[in-house]
Amino acid sequence: MRVLLLNQSDRIGGAGIAAYRLHQGLLAKGIDSRFLVGKLKARSDRVELVPQKRRLTKWLSFLTEPLSLKHINNIGTFKISKHPFYEGADVVNFHNLHSGTGYFNYLALPALTKNKPAVLTLHDMWTFTGHCAYSLDCDRWKRGCGQCPYPETYPAIERDNTRLEWQLKNWVYDRSNLTIVTPSRWLAEEAKQSMLARFPIHHVPNGLDTNAYQPIERERCRLELGIPKGKKVLMFGCKNIQNSRKGVDLLFASLSMLPESVKAETLLLTFGRGGEEVQQAVSLETLNLGYLESDRAKSVAYCAADLFVFPTRADNLPVVLQESMACGTPMVSFDIGGVAEMVRPGVTGYLAPPEDVKEFANGIVELLADKNLRERMSQQCRAIAVREYSLELQVQRYMELYQQALQGAAA
């Protein structure tokens with residue numbers, strides 16, 4: 001079987017990491033997997049850039065950008081059908097089709113799915129909304145969008161043409177042949193209420209290498225990172241702290257509510273870009289590890305922490321929570337999106353009501369005070385990660401979907 005994956009990046013951001021792990025898992029199973037991306041981390045004979053017509057795309061942006069119609073200026077997308085990766089593929093698996101800079105024109109989907117079985121893996125809500133990746137408390141996407149209450153949310157728009165973009169997507173799907181996959185049950189239920197309900201919708205969680213991410217002796221990790229003995233350690237990380245969806249302001253508010261006695265014995269361990277700003281904003285001792293790329297470095301960080309704190313406003317099935325679970329580190333987060341599928345109260349962590357910073361702080365205090373509870377949660381985190389989120393299980397499920405798509409095309 002020959003599979004082509006398409007995504008906005010390889011190994012950059014949660015969707016990029018998830019898609020690249022699937023690519024690696026397919027290769028390990030003997031599947032001939034190829035990867036086309038909008039932003040390339042490292043070129044290889046199996047990973048290349050999506051074809052672009054940069055000059056024409058730039059000129060067309062002068063028409064589309066003022067209208068806030070994202071990505072339809074990317075004419076190069078129509079050249080994918082001539083790319084050797086596409087021509088040689090039995091099945092095409094689309095992943096995140098949007099990005100900050102734009103790399104894929106969704107108007108090309110009917111042509112790209114006409115003669116090849118295709119799977120579309122959702123990493124957020126963008127595929128069925130009039131512009132946003134997460135709609136927060138808005139449900140206009142169920143009816144056709146328009147009068148957008150959150151034009152500033154990613155990807156931000158200057159002019160409200162959300163109804164027109166919604167209609168364009170609906171027109172595209174009416175002419176496309178797709179099987180939909182969602183990593184979380186939450187996103188599956190959202191998709192079933194959207195314009196994507198015309199397609200089969202399957203729930204297949206993202207997977208990770210549970211050998212690369214596994215518990216390492218805590219004191220050994222802390223010694224390696226230079227963390228003082230006797231400290232309770234909270235860990236926080238995200239790609240970009242400027243993204244309001246990641247809830248850094250909610251984290252700051254929660255940490256400010258911690259009792260002074262807890263603050264005195266606690267260290268905040270951060271990774272990702274912008275950790276210096278976190279250091280300046282919180283009244284806790286902090287250690288910023290910067291951007292971590294290797295699985296080993298991230299595993300050491302997770303295992304050094306008592307708790308992983310994740311103050312998100314909206315999310316699907318966050319990669320960092322899977323990594324934390326596999327390393328046996330309990331989590332504190334908000335009950336939003338697909339987060340509750342991993343942060344299970346009393347089992348793998350503490351779940352606060354959305355944006356309730358007081359309850360979030362209470363969760364931190366409660367778990368830091370109970371070492372026995374954290375140890376039980378640690379064991380349960382690891383067991384669930386191995387049982388439900390292994391890369392092998394994800395690959396097996398995708399291979400079955402690909403086979404079903406091939407059989408359906410043959411019929």
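No experiment lies behind these values; they were computed from the predicted model shown.
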Query raised in the report: Can you name the side-chain contact (heavy atoms from CB on, under 4.5 Å) partners of Lys298, sequence neighbours left out?
Result: Ile17, Arg21, Tyr213, Leu292, Asp295, Tyr302, Glu323

Query raised in the report: Does Glu293 have any salt bridge (charged side-chain N to carboxylate O under 4.0 Å, His left out) partners at least two apart in sequence or in another chain, and if so, which?
Result: Lys41

Side chains of residues 396-408: which donor-acceptor partners sit under 3.5 Å, not counting sequence neighbours?
unit_1, atom_1, unit_2, atom_2, d
Tyr398, OH, Thr121, OG1, 2.9
Tyr402, OH, Asn93, OD1, 2.7

Requested in this report: Keeping the roles fixed (side chain from Thr162, backbone from Gly146), state whether a donor-acceptor pair exists under 3.5 Å.
Outcome: yes

Query - Test side-chain contact (heavy atoms from CB on, under 4.5 Å) applied to Glu359 and Asn362, step by step - result: CA-CA 5 Å; Glu359 194 60 29; Asn362 288 341; 3.5 Å; yes

Query - Residues Arg313 and Glu355 bridged, charged N to O under 4.0 Å - result: yes

Requested in this report: Please assess Leu267 against Leu284 for the test side-chain contact (heavy atoms from CB on, under 4.5 Å), listing each intermediate value before the final yes or no.
Outcome: CA-CA 6 Å; Leu267 178 142; Leu284 290 177; over 6 Å; no

Report task. Would you please name every residue forming a side-chain contact (heavy atoms from CB on, under 4.5 Å) with Gln167, sequence neighbours left out? Result -> Arg163, Leu164

Query raised in the report: Taking all non-hydrogen atoms of both residues, which atom of Pro200 and which atom of His202 are closest, and how far apart?
Result: CB-NE2, 4.0 Å

Report summary line: For Ala305 and Met235, the nearest pair of non-hydrogen atoms, with its separation, is CB-CB, 3.6 Å

For residues 1-9, tabulate all N or O donor-acceptor pairs below 3.5 Å that involve a side-chain atom, not counting sequence neighbours.
unit_1, atom_1, unit_2, atom_2, d
Arg2, NE, Gly88, O, 3.0
Arg2, NE, Asp90, OD2, 3.4
Arg2, NH1, Gly88, O, 3.3
Arg2, NH2, Asp90, OD1, 3.0
Asn7, OD1, Asn96, N, 2.8
Asn7, ND2, Ser9, O, 2.9
Asn7, ND2, Ala15, O, 3.4
Ser9, OG, Ile12, O, 2.7

Query raised in the report: If you measure from CD on Glu341 to CG on Asp315, what distance do you get to the nearest 0.5 Å?
Result: 11.5 Å

Report task. Might you point out which heavy atoms bring Pro215 and Gly328 nearest each other, and give the distance in Å? Result -> CG-N, 4.4 Å

Report summary line: Tyr350 and Val343 have their tightest heavy-atom pair at O-CG1, 3.6 Å

**Report entry** Contacts of Arg296 that satisfy salt bridge (charged side-chain N to carboxylate O under 4.0 Å, His left out) - sequence neighbours left out
**Finding:** Glu224

Query raised in the report: Does Asp32 come within less than 4.0 Å of Arg34, counting only side-chain N to carboxylate O?
Result: yes

Requested in this report: Please name all residues satisfying side-chain contact (heavy atoms from CB on, under 4.5 Å) with Ala361, sequence neighbours left out, ordered by chain then number.
Outcome: Ser254, Met257, Leu258

**Report entry** Qualifying ring-ring contact (aromatic ring centres under 6.0 Å, His included) pairs, either residue in residues 161-199, two or more places apart
**Finding:** none

Report task. Could you pull out all residues at least two apart from Leu223 that satisfy side-chain contact (heavy atoms from CB on, under 4.5 Å)? Result -> none

Query - Carboxylate-amine/guanidinium proximity below 4.0 Å for Glu375 and Arg382 - result: no

Report task. Kindly determine whether Asn288 and Thr270 satisfy side chain to side chain donor-acceptor pair (under 3.5 Å), including the steps that lead there. Result -> CA-CA 5 Å; Asn288 177 32; Thr270 66; 3.1 Å; yes

Report task. List the atom of Phe78, the atom of Asn105, and the distance in Å for their closest heavy-atom pair. Result -> CE1-ND2, 3.8 Å

Requested in this report: Sequence neighbours left out, what passes salt bridge (charged side-chain N to carboxylate O under 4.0 Å, His left out) with Arg374? Give chain and number order.
Outcome: Asp306

Report task. Sequence neighbours left out, what pairs pass side-chain hydrogen bond (donor to acceptor under 3.5 Å, both in side chains) with at least one residue falling in residues 122-142? Result -> His95-His123, His98-Asp124, Ser135-Trp141, Asp137-Tyr150, Asp139-Arg143, Lys142-Gln193

Requested in this report: Dump the intermediate steps for side-chain contact (heavy atoms from CB on, under 4.5 Å) on Arg198 and Asp174, then the final yes or no.
Outcome: CA-CA 8 Å; Arg198 53 168 55 92; Asp174 198 40; 3.9 Å; yes

Query raised in the report: Does the Gln52 side chain pair with the main chain of Arg54, one donor and one acceptor, at a distance under 3.5 Å?
Result: no

**Report entry** Minimal non-hydrogen separation, Pro205 against Gln394, with atom names
**Finding:** O-CG, 3.4 Å

Requested in this report: Return yes if a side-chain donor-acceptor contact under 3.5 Å exists between Asn73 and Ser61, otherwise no.
Outcome: no

**Report entry** Pair His23-Ser33, side-chain donor/acceptor within less than 3.5 Å
**Finding:** yes

Query raised in the report: Taking only residues two or more places apart in sequence or in another chain, which ones pass ring pair (Phe, Tyr, Trp, His ring centres under 6.0 Å) with Phe360?
Result: Phe334

Query raised in the report: Between Ile384 and Tyr389, is a side-chain contact (heavy atoms from CB on, under 4.5 Å) present by the stated rule, with each step listed?
Result: CA-CA 7 Å; Ile384 291 171; Tyr389 300 120; 4.2 Å; yes

Query raised in the report: With no hydrogens and no angle check, do the side chains of Asn74 and Thr77 hold a donor and an acceptor under 3.5 Å apart?
Result: no

Query raised in the report: CE of Met325 to OG1 of Thr210: how many Å apart, nearest 0.5 Å?
Result: 11.5 Å

Query raised in the report: Between Asn161 and Ser68, does any side-chain donor sit less than 3.5 Å from a side-chain acceptor?
Result: no

